Each structure stands twice: as C-alpha cells, then as structure tokens.
There are 2 protein chains.
Amino acid sequence: MRGYAREHDDDDGGVGTLQPWEALVVDAVGNLIEFWNFKRNQGRVWALLYLRGRALTAAQIQSALGLSKGAVSMLVRELEQWCVLVRVRAPHDDAWRFAAETDLMKMIGRVISERERGIVASVREDLERAERLAKDEHDVPREVLDRLRRMRTLAVFVERALRVFVDTARFDAFGALDMLRDKGARH
Amino acid sequence: MRGYAREHDDDDGGVGTLQPWEALVVDAVGNLIEFWNFKRNQGRVWALLYLRGRALTAAQIQSALGLSKGAVSMLVRELEQWCVLVRVRAPHDDAWRFAAETDLMKMIGRVISERERGIVASVREDLERAERLAKDEHDVPREVLDRLRRMRTLAVFVERALRVFVDTARFDAFGALDMLRDKGARH
DNA sequence: GTCATAGTTTAAGACCATGTGAACCGCAAT
DNA sequence: ATTGCGGTTCACATGGTCTTAAACTATGAC
C-alpha cells in the first residue's frame, strides 16, 4: 500500500497526486478562500504547504496539486505579496522553496489594510464628493441630503473600525486566530 | 437648469438618467457591494432606493440605472431574498414597488447566517472527514495530524463566533450599524 | 374576446478571470 | 558554446458570470 510518507521524504514532497484526505483539506481551504475573493488555487497552495509543514519547491507544488508550471509561478508570487507564504533558498540549493505563513493575524491584517481599507476609503471619498455636489444643487430635499450624510458617516465609521482592528489586533486580542501556529513542542 | 426634483415627483422616480451626484453614490455602493460577492447592480439598486427614500417601480429603477427589464426583475428578486429590499403593492396600484431595507444588521445577519455560516460549516465538515481518514492511515506523522486538528479547531471557533454574532447583534451591540435608519424627525 | 401593461423566464452573447503551454531568460555545469 | 534546469512571461483557450432581448405568463380594461 502506497504510504503517505516516503523513506527519504526530504526530496520529494508530493510526486504524483495527493492522498484523498489531503485533497479534502486542500480543496476545503481552496473553496473557503475563493469566497474571500482570492483564487481557489491560492488557497490550495497555502493549505498544502501548511499541511506539509515544510518548504516545498514549485515543482512539488505543481505535481501535488496538478497545476501548470506557469500557474504555480503566478500563485506563489501573489501569495508572497499577501504575506501568505515565504520564499526561501537554502545555501546550496538550486531551487526556491515555499513555506506557509502560519500567523493568521499577519495575513488578515495585510488583506484588510491593503484591500478592504482601500475600497472603503474610495467609497467614502465618492460619497463625500457626491455630498458636495448635491449641496450645490438648490433643489435636493433635506431628507435626501440627510441620508447621503448618514451613508458617508457610516463609511467613515467602518474605515476607523478597520484601522483600529489592524492596529490593535497584532497584540493579540484575537487569541483564537493564532491557532495555526506551531508554538510549543519540537525544535 | 434641469433640477433634481420635478414638480409632481410622485409619479416619476427617475426618468432618463441620474444626476451626476446620484450616479456617484449609486456606483460607489455598487463597487463596494461587489467585493462582498454580490452583483454590482444589486448594490446600485439598493443605493438608488435608499437615496430616494421611497418605493420605486421596476420601470423607474430600470430607467434610472439603465438596466434591462429582465435584469431588474432578477435583481429585485435576489435582493428580496437577502432582505435587502421589500416589495410592496399599494391598494389600487397595478405595479409592484420596491423600497430599501435600512436595517443593516438585518441584512448582514441574513448574509452571514445563510451564506458565510454555510461555507464555514462545510469546510469544517470536510476537515473533520479528512481528519478521520488521516487517522486511519498508519503512516501520517503526528505533527501533520496536529496541524489538521488545529485547522479544524479554528473552523469550529469561527463557526461559533459567527453564530454568536448573528444571535446577539440584533440587540444592537453595534450601534453604528443602525446609522442608515430614519429614526426621529418627520412622520 | 382583444389589447395593454407588469413581470418572469430563457437562450444567446458579452465579458472577465483564471489556467495552459510554449517561448523565453539566466545561470551553472560540462 | 551547448545543454539542462528553475523560473517568468505572454498569447490564447476555457469556463463561469452577468446582461440582454425576446418569448412568454398573468391580469385588468375595454
């Protein structure tokens, strides 16, 4: 019976295809992540790396997940930009290796500060501009202006909330989100 | 100069196109909502209705936003299902009218409980199945099982957090999210 | 009955995101 | 210089989502 771990498992991280249970995990994370507007395969790559618990080469990722060379190249670069994995090269290794980031706060924080915050900010700006324009018209009813103001205020509020979140969450108020980390034990 | 409000503005809610400032608002909301995995036009419809502060007919929505009849039909049905607008028919009116829901908690609560919670739950289930399968293998390293368990635990945690949120948030801990509502004043 | 109006459903097409495969670059070994 | 290997980039194909146009249903007026 073909086992999960090979004898010298250092040099092959996943030739051929995944075990069924591994595929389950990888796809589950992929599906989840897809809903947060990332690519499904980004989630699958991260999950694979996290599960394996060590750095894999692009080729290993490619064959484990059944992706093309180009796709892996794109995916790891994107994930790197989101601080979701790190690219490492051992002294005399001739290939990059990729390892999963396990600090969820770091990842979420980055997504919020780079993406969510930008969106909310631009909505707020549009609402502000709209408010100025509307005020210049002479015939916009008071209640309409009022609703417009309320929307803008809400946007400002959300913007602040996000800022507070990223600024404070690092010093973990959110203990549970540190759960993926390898703390005690080994090493 | 063509004004915003017409003399007898009861019967035309938006013939032709929107005022520039209105378009700004509507599109801003559309862009925002798109990022929460809804259709851009769903956001635009809601924003229009909220801004106008009264129920509009499908035809009015259609011409104000420049959509097709079919699109409006789809959009309002979907929004209705998410409790984002209500469909009303006045006594002797021969057309439905649609009004924006202003209780943000109601809307968010519904989205979380119907969509987000389902996703997280299905991920948790997959992780549980994977964990059982992995335990049946004899050669899965302890650390791997451990990471798998941690992922599952995190999923369970998130699931609980979402449940708590939808169950308690109704009795507004989140005052700011009630901001869109017309409370005091008129009426 | 016919006609008109309001709304729904559907097939077809436009559009966009994602992945592929091949060409390409850079480097090291021979 | 040539070959091999890791990695990147790009044009194109593919697939999914959204919108439209048109057919269709329903309902009320005449």
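Note on naming: letters A, B, ... go to the chains in the order of the sequence lines (proteins, then strands), and numbering restarts at 1 for each one. Treat the numbers as computed from the prediction; the structure is a model and nothing was measured.
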For atom [atom1] of [X] and atom [atom2] of [N], their distance in whole Å:
X: B:H92; N: D:dT27; atom1: NE2; atom2: P; answer: 16 Å
X: B:K39; N: D:dT20; atom1: NZ; atom2: P; answer: 11 Å
X: B:E80; N: C:dT8; atom1: CD; atom2: C1'; answer: 13 Å
X: B:N37; N: C:dA17; atom1: CG; atom2: P; answer: 13 Å
X: A:Q42; N: C:dA17; atom1: CD; atom2: P; answer: 14 Å
X: A:Q62; N: C:dG19; atom1: CD; atom2: C1'; answer: 12 Å
X: B:L65; N: D:dC18; atom1: CG; atom2: C1'; answer: 15 Å
X: B:W96; N: D:dT25; atom1: CH2; atom2: P; answer: 21 Å

The side chain of [X] lies closest to which of these nucleotides: [options]?
X: B:M74; options: D:dG7, C:dG7, C:dT10; answer: C:dT10
X: A:L67; options: C:dT10, C:dG7, C:dT20; answer: C:dT20
X: A:A58; options: C:dG19, D:dG7, D:dT19; answer: D:dG7

For [N], take OP1 and OP2 only and decide whether either is under 4.0 Å from a side-chain N or O of [X].
X: B:N41; N: D:dC18; answer: no
X: B:R87; N: C:dT8; answer: yes
X: B:R77; N: C:dT9; answer: yes

(message) With clusters defined by side-chain heavy atoms of hydrophobic residues (ILVMFWY) lying less than 4.5 Å apart, directly or transitively, does B:L145 cluster with B:L154?
(response) yes
(message) I need the single residue from A:N41, A:V84, A:L51 that forms a side-chain contact (heavy atoms from CB on, under 4.5 Å) with A:W46. Which is it?
(response) A:V84
(request) State whether the side chain of B:Q19 and the backbone N or O of B:W21 hold a donor-acceptor pair below 3.5 Å, judged by distance alone. (result) no
(request) Find out whether A:V25 and B:M151 are in side-chain contact, i.e. whether some heavy atom of one side chain is under 4.5 Å from a heavy atom of the other. (result) yes
(request) Is it possible for you to check whether B:R110 lies under 6.0 Å from the centre of the six-membered ring of B:W82, through NZ or CZ, and within 45° of that ring's axis? (result) no
(message) Students often get this wrong, so: under 4.0 angstrom with heavy atoms, is A:A95 touching a base, only sugar-phosphate, or nothing?
(response) sugar-phosphate
(request) Just call it for B:A71: base, sugar-phosphate, or nothing, with non-hydrogen atoms closer than 4.0 Å on any strand. (result) base
(message) Regarding D:dG7, can its base be found pairing with the side chain of A:K69 as donor and acceptor, where the two atoms are less than 3.5 Å apart?
(response) yes
(message) Which is more 5' along DNA chain D, the nucleotide nearest A:D94 or the one nearest B:F38? Just name the residue.
(response) A:D94
